[in-house]
Peer 1: 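Take this structure first; my questions come after.
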Amino acid sequence: MFINQNVDKIENIFSNPIIIDHRPEFLPTIDKASTPIINNLKKQYKKDKRPIPNSYHSDNMWNLPEYKDLTNYILQKSFNILKSWGYKTDGMIPMLSELWVQEFPKEGGYHDEHIHANNHVSGFYFLRCSPSTSHPVFHDPRFSKRMSDLRETDKTKVTLASQRIHFKVKPGDLLFFPSYMPHSYIHHKGEETFRFVHFNMQAIVPPVNIKNK
């Protein structure tokens, strides 16, 4: 007796989307504005005699005038993405909770796997990168799947068994993804500069003014 191998229908449910955009028009202004910020970070680390970090990480910069056009684009795009994913955003407003620039040191940099809690859409805007630099890696957010995973037949292919996906990027690429998506950056030796902007967005309900009677 043979098992019927015919499959009438397959549905892939609970997808985890990554939106890939390309916006090179922001590159000249954002990269130029980021250079003195990164250089000051390097000088401060050296002055304080602090150990070289795995990444030079700025403070929030979403309110800087040089970042205004990029910030507005990210806010509108992120909000539209939430709607396209099926979320009800009526009466809500988009807000950037964080936006900063990072550069890996020439001695080598990396980021361990992590998420950004209390946010809805996260993303990267790549300023300086190449096939010789680091790149983002997205990890399967389904921890219950990880507990019982089998070995993958071929890790070079993207399949339903994949545990992580490596994304090759180029300057001007803009990635959006759910903030619950675990991500990391592979270690690189710093032969070329690796610099990118990272951001987190929230959809919030505006506060209601309560008047005293």
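Values below: all heavy atoms of this structure, side chains included; hydrogens, waters and symmetry mates excluded. In this text, all values refer to a predicted model and were calculated from it rather than measured experimentally.
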Peer 1: CD/Gln202 to OG/Ser122 distance, rounded to the nearest 0.5 angstrom?
Peer 2: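 Gln202 atom CD to Ser122 atom OG measures 10.0 Å (nearest 0.5 Å).
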Peer 1: Following the transitive rule for hydrophobic clusters with a side-chain heavy-atom cut-off under 4.5 Å over Ile, Leu, Val, Met, Phe, Trp and Tyr, establish whether Val158 and Val169 coincide in one cluster.
Peer 2: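 Hydrophobic grouping puts Val158 with Val169.
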Peer 1: Linking I/L/V/M/F/W/Y whenever any side-chain heavy atoms sit under 4.5 Å apart, do Met92 and Ile74 land together?
Peer 2: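 Looking at the clustering, Ile74 is in the same group as Met92.
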Peer 1: At what distance, to the nearest 0.5 angstrom, does CD1 of Ile10 lie from CG of Leu160?
Peer 2: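 Between atom CD1 of Ile10 and atom CG of Leu160 there are 8.5 Å.
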Peer 1: Is there a salt bridge (Lys or Arg N to Asp or Glu O under 4.0 Å) between Lys42 and Glu107? Walk through the geometry before answering.
Peer 2: CA-CA 12 Å; Lys42 293 177 180 179; Glu107 291 80 5; over 6 Å; no
Peer 1: Is there a donor-acceptor pair under 3.5 Å between the side chain of His198 and the backbone N or O of Gly123?
Peer 2: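 Looks like yes, one N/O pair under 3.5 Å.
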Peer 1: One pair to check against ring-ring contact (aromatic ring centres under 6.0 Å, His included): Phe199 and Phe176. What are the steps and the verdict?
Peer 2: CA-CA 9 Å; Phe199 59 87; Phe176 298 83; 5.5 Å; yes
Peer 1: Got a second to check how far Leu27's CG is from Arg128's CZ, nearest 0.5 Å?
Peer 2: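 Atom-to-atom, Leu27:CG and Arg128:CZ are 10.0 Å apart.
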Peer 1: Measure from the side-chain N and O atoms of Ser55 to the backbone N and O of His57, and report whether any donor-acceptor pair falls under 3.5 Å.
Peer 2: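 A pair under 3.5 Å: no.
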Peer 1: Do His116 and His183 have their ring centres less than 6.0 Å from each other?
Peer 2: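 His116 vs His183: aromatic centres under 6.0 Å.
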Peer 1: Answer yes if the side chains of Glu192 and Thr133 hold a donor-acceptor pair under 3.5 Å, and no otherwise.
Peer 2: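 Not at all, the side chains of Glu192 and Thr133 share no donor-acceptor pair under 3.5 Å.
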Peer 1: On a heavy-atom basis, which atom in Pro182 and which in Glu113 lie closest, and how many Å separate them?
Peer 2: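 Smallest heavy-atom distance, with atoms named: CB-OE2, 3.4 Å.
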Peer 1: Tell me if a side-chain donor or acceptor on Ser15 pairs with a main-chain N or O of Pro17 at a distance below 3.5 Å.
Peer 2: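 It does not hold such a pair.
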Peer 1: Counting only N and O atoms by type, is there a donor-acceptor contact under 3.5 Å from the side chain of Arg146 to the main-chain atoms of Asp140?
Peer 2: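 Yes.
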Peer 1: Around Lys145, counting heavy atoms of other residues, nucleotides and ligands shown, do more than 12 lie under 6.0 Å from its NZ?
Peer 2: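 Buried by this count: over 12 neighbours within 6.0 Å.
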Peer 1: Is a side-chain donor or acceptor of Asn40 paired with a backbone partner of Ile37 at a separation under 3.5 angstrom?
Peer 2: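 No; judged by distance alone, with no hydrogens or angles, the pair does not exist.
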Peer 1: Quick check: closest heavy atoms across Met61 and Ser58, and the distance to 0.1 Å?
Peer 2: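 The answer is SD-OG, 3.6 Å.
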Peer 1: Using a distance-only test with no angle check, is there a side-chain donor-acceptor pair under 3.5 angstrom linking Asp21 and Tyr73?
Peer 2: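 There is such a pair between these side chains.
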Peer 1: Tell me if the centroids of the rings in Phe104 and His111 come within less than 6.0 Å of each other.
Peer 2: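 Phe104 vs His111: aromatic centres under 6.0 Å.
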Peer 1: Judged by atom type as modelled, is there a donor-acceptor pair below 3.5 Å linking the side chain of Asp48 to the main-chain atoms of Arg50?
Peer 2: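 It does not hold such a pair.
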Peer 1: Which pair of non-hydrogen atoms, one from Pro171 and one from Leu127, has the smallest distance, and what is that distance?
Peer 2: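 Closest pair (atom of Pro171, atom of Leu127, distance): CB-O, 3.6 Å.
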Peer 1: Where do Thr159 and Ser162 come nearest, in terms of heavy atoms and distance?
Peer 2: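 For Thr159 versus Ser162, the nearest heavy atoms are N-OG, 2.9 Å.
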Peer 1: Take Arg23 and Asp173, measure what side-chain contact (heavy atoms from CB on, under 4.5 Å) needs, and give me the verdict at the end.
Peer 2: CA-CA 6 Å; Arg23 293 292 167 179; Asp173 280 352; over 6 Å; no
Peer 1: Determine, using the 4.5 Å side-chain heavy-atom cutoff (strictly less than), whether Ile38 and Leu70 are members of one ILVMFWY cluster.
Peer 2: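 Yes, one cluster joins them.
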Peer 1: Applying salt bridge (Lys or Arg N to Asp or Glu O under 4.0 Å), run through Lys68 and Glu66 and close with a yes or a no.
Peer 2: CA-CA 6 Å; Lys68 181 180 179 181; Glu66 297 88 347; over 6 Å; no
Peer 1: Starting from Val205, can I reach Tyr87 by hopping between I/L/V/M/F/W/Y residues whose side chains sit under 4.5 Å apart?
Peer 2: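 In one cluster: yes.
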Peer 1: Other residues, nucleotides and ligands only: do more than 12 of their heavy atoms fall within 6.0 Å of CG on Asn63?
Peer 2: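 Above 12, so yes.
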Peer 1: Nearest 0.5 Å, please: how far is CD1 in Ile19 from CG in Leu174?
Peer 2: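 If I round to the nearest 0.5 Å, the distance is 10.5 Å.
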Peer 1: For Ser184, which of His114, Arg164, His139 qualifies under side-chain hydrogen bond (donor to acceptor under 3.5 Å, both in side chains)?
Peer 2: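 So, applying the side-chain hydrogen bond (donor to acceptor under 3.5 Å, both in side chains) to Ser184 and each of His114, Arg164, His139, only His139 qualifies.
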Peer 1: Can you tell me how far the CD atom of Gln102 sits from the OG atom of Ser34, to the nearest 0.5 Å?
Peer 2: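 Those atoms lie 11.0 Å apart.
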Peer 1: Check whether more than 12 heavy atoms from other residues, nucleotides or ligands sit under 6.0 Å from atom OH of Tyr180, and answer yes or no.
Peer 2: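 Yes - once you tally the heavy atoms of other residues, nucleotides and ligands closer than 6.0 Å, there are more than 12.
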Peer 1: Determine, using ring centers only, whether Tyr45 and Tyr56 are less than 6.0 Å apart.
Peer 2: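 Ring centres of Tyr45 and Tyr56 closer than 6.0 Å.
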Peer 1: Please step through side-chain contact (heavy atoms from CB on, under 4.5 Å) for the pair Phe79 and Met201, ending with a clear verdict.
Peer 2: CA-CA 9 Å; Phe79 206 53; Met201 172 266 188; 3.7 Å; yes
Peer 1: Test Trp85 against Val121 for side-chain contact (heavy atoms from CB on, under 4.5 Å), laying out the working first.
Peer 2: CA-CA 11 Å; Trp85 289 346; Val121 178; 4.1 Å; yes
Peer 1: So, for Ile20 and Leu175, which heavy atoms are closest and what is the spacing to 0.1 Å?
Peer 2: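 Of all heavy-atom pairs spanning Ile20 and Leu175, the closest is CG2-CD1, 4.2 Å.
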Peer 1: side-chain contact (heavy atoms from CB on, under 4.5 Å), that's the test. Do His135 and His166 meet it? Break it down for me.
Peer 2: CA-CA 7 Å; His135 59 261; His166 290 252; 2.9 Å; yes
Peer 1: Side-chain contact test, heavy atoms from C-beta onward, threshold under 4.5 Å: evaluate it for Pro24 versus His22 and give yes or no.
Peer 2: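 The answer is yes, as the side chains (C-beta and beyond) meet within the 4.5 Å cut-off.
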Peer 1: Under 3.5 Å, is there a donor-acceptor pair between the side chain of Ser78 and the main chain of Leu75?
Peer 2: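 A pair under 3.5 Å: no.
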Peer 1: Would a line drawn from the ring center of Phe167 to the ring center of Phe138 be shorter than 6.0 Å?
Peer 2: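 Yes; Phe138 has its ring centre under 6.0 Å from that of Phe167.
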Peer 1: Can you confirm if the aromatic rings of Phe196 and Tyr125 lie within a centre distance of less than 6.0 Å?
Peer 2: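 Between Phe196 and Tyr125, which both carry aromatic rings, the centre distance is not below 6.0 Å.
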Peer 1: How long is the span from the CZ atom in Arg195 to the CD1 atom in Ile30, to the nearest 0.5 Å?
Peer 2: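 Between atom CZ of Arg195 and atom CD1 of Ile30 there are 11.5 Å.
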Peer 1: Picking from Phe177, Phe194, Trp100, what satisfies ring-ring contact (aromatic ring centres under 6.0 Å, His included) with Phe124?
Peer 2: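 That would be Phe177; it is the only one of Phe177, Phe194, Trp100 passing the ring-ring contact (aromatic ring centres under 6.0 Å, His included) with Phe124.
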Peer 1: Do Met95 and Val197 belong together in a cluster built from hydrophobic side chains that touch within less than 4.5 Å?
Peer 2: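 They do not share one cluster, since no chain of ILVMFWY contacts under 4.5 Å joins Met95 to Val197.
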Peer 1: Is it the case that Asn200 and Ser97 place a side-chain donor and acceptor less than 3.5 Å from each other?
Peer 2: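 Judged by distance alone, the side chains do not pair up.
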